[in-house]
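Right, one structure below, let's go through it.
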2 protein chains.
Amino acid sequence: MDKKEPTIDRVFQALGDSTRRAILEKLSDGPVSVSRLAEPFGITLAAVVQHVQVLEEAGLVQTQKLGRVRTCRIDSAGLQVAAQWIADRRTVWEKKLDLLGDLLAEPDEPADEPEWLG
Amino acid sequence: MDKKEPTIDRVFQALGDSTRRAILEKLSDGPVSVSRLAEPFGITLAAVVQHVQVLEEAGLVQTQKLGRVRTCRIDSAGLQVAAQWIADRRTVWEKKLDLLGDLLAEPDEPADEPEWLG
DNA sequence: AATATAGTCAAGCAATTACTTGAGTCTTTG
DNA sequence: CAAAGACTCAAGTAATTGCTTGACTATATT
């Protein structure tokens, strides 16, 4: 009943499962019903529903039920939380260079990476 | 013995634990020994060592033993993997606008967010 | 109305996770 | 050298996770 916010914990934990990431991948092409989502994975519908619930609580997908079919779509709120956290750490860890920033913003120019960064 | 690569699974799973994120937070100020790392948390040294191992396998920290003390420092490789994954999804999900990209690269200019993005 | 669809709910189960405890191993240090 | 310090290792445990099965509830379809 309660809608639960997309906390950092929930977002990263949700993204830490490959099936769940594959679900997001599939939803990238556009909204899909739960049963169609379940097709490519070798698991039961019930299992997929559980994954969708985790993703929903993490703010990574939104769902909506019309008639008997529940349609899932991407929700960017969760990714935003993750991206924000990473961006924050980046500013602390690597104050003086925009290395990760460059990577995230423009994957094109690979500014030469100082060796000491690891 | 084998060094294990920072896979997406390992990175996100590692980041999905608040104690582990707190450890990273602490290491942001600079390299710290395992026992000094353990101080602020109400858990045993052994538990902290286990967390450090998870972080190390995820490419989020590097460690080095000199004498009897193991020193931990931030490793940016893991974050890079996570950032890259998020950046990739972003380009698929939100092809036409650089919303998250702006957020990650330049938190300064908050380009007005279309409502339909969620 | 009868049947099939699409999903929901509640147990239950095996594997993983986040710890703990307790013993053992190297380094320092007094 | 003896004792303390800083881990290291191996078990063990309680909670969580990813999944299944089986029963049940709505909503189409024929």
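So you know, we letter chains A, B, ... as the sequences are listed, proteins then strands, and number each from 1.
Ranked by how close their nearest DNA chain D nucleotide is to the 5' end, V69(B) and H51(A) are led by V69(B). Toward the 5′ end of DNA chain D lies the nearest nucleotide of A46(B), the other residue of the pair L66(A) and A46(B) mapping further downstream.
Every residue meeting the side-chain contact (heavy atoms from CB on, under 4.5 Å) condition with D88(B), not counting sequence neighbours, appears here in chain and number order: Q84(B). Every residue meeting the side-chain contact (heavy atoms from CB on, under 4.5 Å) condition with R70(B), not counting sequence neighbours, appears here in chain and number order: V34(B), T63(B), K65(B). Checked against salt bridge (charged side-chain N to carboxylate O under 4.0 Å, His left out), R10(A) has no partners two or more places apart in sequence or in another chain.
Of the residues in residues 9-25 of chain B, none has a non-hydrogen atom less than 4.0 angstrom from any atom of DNA chain D.
Counting non-hydrogen atoms under 4.0 angstrom, S35(A) reaches the backbone sugars and phosphates but no base.
Taking 4.5 Å as the limit, every side-chain heavy atom of V11(B) sits out of range of all side-chain heavy atoms of W85(B). Within the 4.5 Å cutoff, side-chain heavy atoms of I74(A) are placed close to those of L27(A). In this structure the side chain of T71(A) reaches within 4.5 angstrom of the side chain of P31(A), judged on heavy atoms.
Listed by first then second residue, pairs satisfying salt bridge (Lys or Arg N to Asp or Glu O under 4.0 Å) with a partner in residues 23-33 of chain A read E25(A)-R89(B), not counting sequence neighbours.
Between chain A and DNA chain D, the heavy-atom contact criterion of under 4.0 Å yields a 5' to 3' nucleotide range of dT17(D) to dA28(D). For DNA chain C, the contact window with chain B, defined by any atom under 4.0 Å from a protein heavy atom, covers dT17(C) to dT28(C) in 5' to 3' order.
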Hey, can you pull the donor-acceptor pairs under 3.5 Å for the side chains in residues 38-52 of chain B, sequence neighbours left out?
unit_1	atom_1	unit_2	atom_2	d
T44(B)	OG1	A47(B)	N	3.3
H51(B)	ND1	R20(B)	NH1	3.2

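Side-chain atoms of Q62(A) do not come within 3.5 Å of backbone N or O of D75(A) as any donor-acceptor pair. In terms of modelled atom types and a separation under 3.5 Å, the side chain of E56(A) and the main chain of V61(A) share no donor-acceptor contact.
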